[in-house]
Amino acid sequence: MAELFKYFNHLYGAAPLPDDDAGRDDMKLAFQVLSTTNDPGPRMVDVAGTWAPWLLADELAALVDDVVAHPRRFKADTVASAPRDNQ
């Protein structure tokens, strides 16, 4: 997560992520990284409080529920090689 937050800081300057599709995609990526940890839901909500405070409660709950129900694990190289529209 530290490397991902470092990358977000590089892209956007600092928290929070932008309130747009790219910010939502990046928040989902962070949630997917957390999805394979113990008790990921509360961790996701904590991360969103810093990085996506603009997420409405119902949108946040739906995203957390979806990612917890479908956890994914990524290798760092996979994340690093993903195409970005905002670069």
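Values in this document were obtained by computation on a predicted structure and should not be read as measured data.
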Report yes if the side chains of V47 and F5 come closer than 4.5 Å at any heavy-atom pair, otherwise no.
yes
Within the structure provided, determine whether S35 and M44 are in side-chain contact (heavy-atom separation under 4.5 Å).
yes
For the CG atom on D58, are there more than 12 heavy atoms of other groups (residues, nucleotides or ligands in this structure) within a distance under 6.0 Å?
yes
Taking the side chain as C-beta and beyond, is there a heavy-atom pair between L29 and Y7 under 4.5 Å?
no
D66 meets the salt bridge (Lys or Arg N to Asp or Glu O under 4.0 Å) criterion, sequence neighbours left out, with K28
With rounding to the nearest 0.5 Å, note down the distance linking CG in L17 to CG in L55.
9.0 Å
Could you tell me the separation between the CG atom of L4 and the CH2 atom of W51, rounded to the nearest 0.5 Å?
8.5 Å
Quick check for you: to the nearest 0.5 Å, what is the distance between M27 atom CE and Q32 atom CD?
10.5 Å
Tightest non-hydrogen contact, residues A30 and F8, listed as CB-CE1, 4.3 Å
Which atoms form the tightest heavy-atom contact between W54 and G23, and what is the distance?
CH2-C, 4.1 Å
Identify, with sequence neighbours excluded, every residue that meets side-chain hydrogen bond (donor to acceptor under 3.5 Å, both in side chains) alongside E59.
R24
Rounded to the nearest 0.5 Å, how far apart are CZ of R73 and OG1 of T36?
4.0 Å
Nearest heavy atoms of P40 and V68, plus distance in Å
CG-CG2, 4.1 Å
Gap between atom CG of L56 and atom CG of L63 - 0.5 Å precision
12.5 Å
For the atom pair CE (M1) and OG1 (T37), what is the distance rounded to the nearest 0.5 Å?
9.0 Å
Show your reasoning for whether side chain to side chain donor-acceptor pair (under 3.5 Å) applies to D26 and Y12.
CA-CA 11 Å; D26 287 337; Y12 303 115; 2.5 Å; yes
